[in-house]
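A quick write-up on the structure given underneath.
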Amino acid sequence: MTINRTPADWPADEKEALAVQDALRGRVVLDEAGPPPGTGLVTGVDVAYDDDRDLVAAAAVVLDARTLDVVEEATAVGRVSFPYVPGLLAFRELPTVLAALDSLTSGPGLVVCDGYGRAHPRRFGLASHLGVLTGLPVIGVAKNPFTFTYEQPGERRGASAPLLAGEEEVGRALRTRDGVKPVFVSVGHRVTLDNACAHTLALTPRYRLPETTRHADSLCRQALQEASA
DNA sequence: GCGACAG
DNA sequence: ATCTTGTCGC
C-alpha cells in the first residue's frame with residue numbers, strides 16, 4: 001500500500017479542471033485495437049470515499065486475463081482532492097488510482113475502470129484521462145447511462161445497443177447477463193469499442209460487472225476501513 | 001431558469 | 001459514492 005498526496009499541479013477548481021480536459025483531450029488514441037481478450041493481464045481500478053474523514057482509498061487488482069485469477073493487488077490512501085462534479089470525476093479519483101497503479105510490480109496490461117471514457121460531455125471521461133496520463137490501454141465500464149440515451153439491447157448476454165449522444169455513438173449498452181440491466185461500455189485509450197465490449201464479456205462469466213471491478217471494489221472498501229481504524 | 005447527472 | 005441484514009430465488 002502507498003500513501004499519496006495530491007499532485008501540486010492538480011486543478012484547484014472546476015474552471016481549471018475544464019482547461020486540463022481541453023488540453024489533454026487531443027492526446028487520446030482511438031485507432032489502436034488494443035490487446036486481444038483472454039490473454040495477458042487485465043487490471044481493475046476502483047475508489048471508495050469517506051467524505052467525513054476526507055479520506056479516499058483506491059485499489060488496483062491485476063488478473064490473469066485467461067483464468068481471471070488474481071495475480072497482484074495494490075492499494076493507496078489519500079485525501080479527497082476534488083468534489084464530485086458530473087463530468088469531472090477524474091479529478092476526484094485519479095490521484096489515488098495513479099498511486100495504486102504505481103505500486104504494482106507487474107505491468108497492468110489493459111486497465112478497466114468504473115465510469116466512462118468517450119461517453120462524456122467533452123469526450124474525455126475518467127478512462128480517457130487515465131489512459132492519456134499512463135499511456136496504457138484503458139476502457140470504462142459504467143453501471144449507469146449518465147446523460148446518454150440507448151434502446152434496450154436484446155435480453156441475452158452479449159446483446160448490445162449504441163449508447164448515444166445525439167447521433168453519435170459514444171459507447172455501448174452491453175448485456176452481460178441474460179435479462180439483467182446492461183452495463184455501459186466506452187473506450188478510454190488505445191482500445192476500440194468492439195474490443196472493449198469483447199473484453200467486458202470475457203470478464204463477466206458469472207456476474208453483471210467485470211471481475212476486475214468486483215475485486216477492485218471490495219479491495220478499496222477494505223483499504224478504506226483499515227485507513228479509518 | 002430548472003432539473004439531471006459516471007462515482 | 002454512501003446510509004444498510006437478511007432473505008427469496010435460480
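These numbers come from the heavy atoms of this one structure, side chains and all, not from hydrogens, waters or symmetry mates. Lettering follows sequence order; numbering is per chain, from 1. Bear in mind the structure is a predicted one, so any value in this text is a computation, not a measurement.
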#### Entry: Sugar-phosphate only, base, or nothing, as touched by A:Gly140 at under 4.0 Å among non-hydrogen atoms
nothing
### Task
Please state how far atom CG in A:Asp178 lies from atom P in C:dG9, giving the value in whole angstrom units.
20 Å
### Message
Measure CZ/A:Phe146 against P/B:dA6 and give the value in whole Å, please.
### Response
6 Å
#### Entry: Rounded distance (nearest 0.5 Å) linking atom CZ of A:Arg190 with atom CG of A:Leu136
7.5 Å
### Task
Assign A:Leu94 to base, sugar-phosphate, or nothing according to its heavy-atom contacts below 4.0 angstrom with the strands shown.
nothing
### Query
Considering only heavy atoms from C-beta outward, does the side chain of A:Phe146 approach that of A:Val170 to under 4.5 Å?
no
### Query
Just by modelled atom types, is the A:Val85 backbone N or O under 3.5 Å from a matching donor or acceptor in the A:Arg92 side chain?
no
### Message
Side chains of A:Arg157 and A:Thr204 only: does a donor on one sit below 3.5 Å from an acceptor on the other?
### Response
yes
### Task
Let me know the distance between CG of A:Asp217 and P of B:dG7, rounded to the nearest Å.
11 Å
### Task
Compare every heavy atom of A:Tyr150 with every heavy atom of A:Pro145, then report the nearest pair and how far apart it is.
CB-CE2, 3.7 Å
### Query
NA contact type, A:Ala48, heavy-atom cut-off 4.0 Å: base, sugar-phosphate, or nothing?
sugar-phosphate
### Query
Sub-3.5 Å donor-acceptor pair from the side chain of A:Asn195 to the main-chain atoms of A:Ala33, do we have one?
yes
### Query
Can A:Tyr84 be said to stack with the base of B:dG7, given centres closer than 5.5 angstrom and planes under 30 degrees apart?
yes
### Query
Starting at CZ of A:Arg92 and ending at P of B:dA6, how long is that distance when rounded to a whole Å?
13 Å
#### Entry: N or O in side chain of A:Lys143 less than 4.0 angstrom from B:dG7 OP1/OP2
yes
### Query
Any salt bridge between A:Arg221 and A:Asp46, counting N to O under 4.0 Å?
no
### Message
Applying a 4.0 Å non-hydrogen cut-off, can you work out what A:Tyr116 is touching in the nucleic acid: base, sugar-phosphate, or nothing?
### Response
base
### Query
What does A:Arg177 touch in the nucleic acid at a heavy-atom separation under 4.0 angstrom: a base, only the sugar-phosphate, or nothing?
nothing
### Residue A:Asn144, side-chain heavy atoms: nucleotide from B:dA6, B:dC5, C:dT2 that is nearest
B:dA6
### Message
Give me the stems containing DNA chain B, sorted by first residue, counting only three or more consecutive Watson-Crick or G-U pairs with both distances under 3.5 Å; say none if there aren't any.
### Response
none
### Query
Are A:Leu68 and A:Pro205 side-chain neighbours, meaning at least one heavy-atom pair lies under 4.5 Å?
yes
### Query
What integer distance in Å separates A:Asp114:CG from B:dC5:P?
18 Å
### Query
What is the distance, rounded to the nearest whole Å, between atom CG of A:Asp50 and atom P of C:dC3?
8 Å
### Message
Quick one, A:Leu94 with A:Trp10, criterion side chain to side chain contact (heavy atoms under 4.5 Å, CB included). Give me CA distance, side-chain angles, the key distance, then yes/no.
### Response
CA-CA 10 Å; A:Leu94 287 191; A:Trp10 210 244; 4.1 Å; yes
### Query
Which whole-number value in Å describes the distance from A:Arg221 CZ to B:dG7 C1'?
11 Å
### Task
Using atom CZ of A:Arg206 as one end and atom P of C:dC10 as the other, report the distance to the nearest whole Å.
15 Å
### Message
Considering every strand and a 4.0 Å limit on heavy-atom distances, what is the contact class for A:Asp51: base, sugar-phosphate, or nothing?
### Response
nothing
### Message
Once pairs are restricted to Watson-Crick or G-U wobble with both distances under 3.5 Å, how does DNA chain C read as a dot-bracket string, [ ] for crossings and | for other-strand pairs?
### Response
..........
### Query
Heavy-atom count around A:Arg122 CZ within 6.0 Å, excluding the residue itself: above 12?
yes
